[in-house]
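Okay, structure first, notes after.
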Amino acid sequence: MGISLDENDLAAIIATIFEVQWGAGQTLNTVHNIYRVIGGHFRRKRERWFKSEYQDCRTVIDVGGTAEMWNGIDFAQHITLLNVGESPNDLPPAIDYVQGDGRDTGLPSAGFDLAFSNSAIEHVGSFEDQRRFANELLRIGRRIYCQTPNKWFPVEPHFLGLCVHWLPRKWFTNSVDRYLTLHGWRYRPDAATSAALIDSIRLLTRAELQQLFPGCKIKTERWLGLPKSFMVWK
């Protein structure tokens, strides 16, 4: 089961790209605009399926998320955000904030209709940390949704580099980030910045997700036929 792109999807993306305004010589901005447009297209398709599948869920815990994620999603009557930082200002009345650790939330079991996480599990640490994170989602939500990029997709989504995430860690250096990724070309990170980002990410495979979420379904999102990301759901 998956979300893929057909000819109409590609036509819509291309039409949107040509509507984006680019300044002369802004090559990197052009690439990032294209990536933003494609990513936005996938998010909209994902959101349509998500609204249809989870429309009966009234209470939601978003582990690792932000309030912006819920703009335009109106089925939930109350949303709780759980994240490591301090509470943002001016949250909408229907959204509460809990500062905490997604690997050990301290929240009651089955306390929410839906335990939700979008592109967070790859940032929580080791595989054992990811197991703890997954167990918390399964424990606190009567239903779950967890989206994460696919390790075996050739473009690393945080660095926008081709196959760099498949390198052994000792080979994935600041020089690789700086000169072989769009992240490096645009932001020119120093060694400490590159190392912090590299060490904050552990991408997952489909097989690992099956281990972490036994009994759950996995939906595959594809780009040009290649599995780009996974959505675990039940």
Side-chain angles (χ1 to χ4, degrees), residues 2-5 13 27-43 45-46 63-66 69 83-84 101-103 116-134 137 145-213 216 218-233:
I3 297 176
S4 59
L5 245 56
I13 288 173
T27 304
L28 289 180
N29 287 338
T30 297
V31 173
H32 276 263
N33 279 331
I34 291 172
Y35 185 81
R36 176 178 57 80
V37 169
I38 292 172
H41 183 81
F42 275 110
R43 281 190 295 274
K45 291 194 74 171
R46 197 183 302 151
V63 183
T66 64
M69 168 66 210
N83 220 322
V84 295
D101 185 341
R103 298 165 298 183
F116 173 97
S117 183
N118 186 69
S119 295
I121 193 171
E122 68 269 24
H123 295 289
V124 302
S126 67
F127 186 67
E128 184 54 36
D129 290 316
Q130 292 171 325
R131 187 187 302 279
R132 292 173 59 201
F133 186 92
L137 291 181
Y145 172 96
C146 181
Q147 188 272 348
T148 190
N150 174 23
K151 176 180 179 178
W152 298 125
F153 187 68
V155 178
E156 205 293 329
H158 305 88
F159 293 91
L160 297 185
L162 187 62
C163 304
V164 295
H165 52 307
W166 298 344
L167 293 171
R169 175 61 184 89
K170 65 180 180 180
W171 294 355
F172 195 172
T173 62
N174 172 250
S175 295
V176 171
D177 179 17
R178 177 68 183 82
Y179 298 109
L180 298 180
T181 76
L182 294 183
H183 170 264
W185 294 352
R186 183 166 188 175
Y187 298 108
R188 301 181 180 180
D190 59 21
T193 302
S194 289
L197 181 57
I198 293 166
D199 292 336
S200 74
I201 302 166
R202 186 185 183 280
L203 297 178
L204 288 155
T205 67
R206 184 186 182 94
E208 287 175 325
L209 286 170
Q210 289 173 328
Q211 292 182 51
L212 295 175
F213 294 96
C216 295
I218 300 179
K219 195 175 184 70
T220 301
E221 194 172 65
R222 295 179 183 273
W223 167 245
L224 301 180
L226 299 175
K228 183 183 78 69
S229 59
F230 300 117
M231 290 158 280
V232 181
W233 64 288

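Side chains are part of it too, since the values below use all heavy atoms of this structure and drop only hydrogens, waters and symmetry mates.
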Selection residues 166-178 - residue pairs positive for salt bridge (Lys or Arg N to Asp or Glu O under 4.0 Å), sequence neighbours left out: R169-D199
Which pairs, with at least one residue in residues 187-198 and sequence neighbours excluded, count as a salt bridge (Lys or Arg N to Asp or Glu O under 4.0 Å)? none
Test side chain to side chain contact (heavy atoms under 4.5 Å, CB included) on E156 and L203 and set out the steps. CA-CA 9 Å; E156 205 293 329; L203 297 178; 3.8 Å; yes
Looking at every heavy atom in both F133 and I121, which two are closest together, and how far apart are they? CD2-CG1, 3.7 Å
pair [X]-[Y]: side-chain heavy atoms closer than 4.5 Å:
X    : Y    : answer
L204 : L212 : yes
M231 : N118 : no
K228 : E221 : yes
H183 : L197 : yes
S229 : T148 : no
L226 : P154 : yes

Who passes side chain to side chain donor-acceptor pair (under 3.5 Å) against [X], sequence neighbours left out?
X    : value
S200 : none
S119 : Q147
R103 : D101, D129
S175 : none

Qualifying residues under ring-ring contact (aromatic ring centres under 6.0 Å, His included), relative to [X], sequence neighbours excluded:
X    : answer
Y145 : F50, F116
F213 : none
H123 : H158

Take L160 and T181 through the side chain to side chain contact (heavy atoms under 4.5 Å, CB included) test and state the conclusion after the steps. CA-CA 6 Å; L160 297 185; T181 76; 5.8 Å; no
Please assess Y187 against F159 for the test ring pair (Phe, Tyr, Trp, His ring centres under 6.0 Å), listing each intermediate value before the final yes or no. CA-CA 10 Å; Y187 298 108; F159 293 91; over 10 Å; no
If we ignore hydrogens and angles and just use 3.5 Å, is the side chain of W233 paired with the main-chain N or O of C146 as donor and acceptor? no
Between the side chain of S117 and the main-chain N/O of V63, is any donor-acceptor distance below 3.5 Å? yes
For N150, enumerate each residue passing the side-chain contact (heavy atoms from CB on, under 4.5 Å) test, keeping only those at least two apart in sequence or located in another chain. W152, F153, P227, F230
Holding to salt bridge (charged side-chain N to carboxylate O under 4.0 Å, His left out), I want the full list of residues that pass it with E122, two or more places apart in sequence or in another chain. none
Taking R202 first and then E208, would you say they form a salt bridge - that is, a charged N and a carboxylate O separated by under 4.0 Å? yes
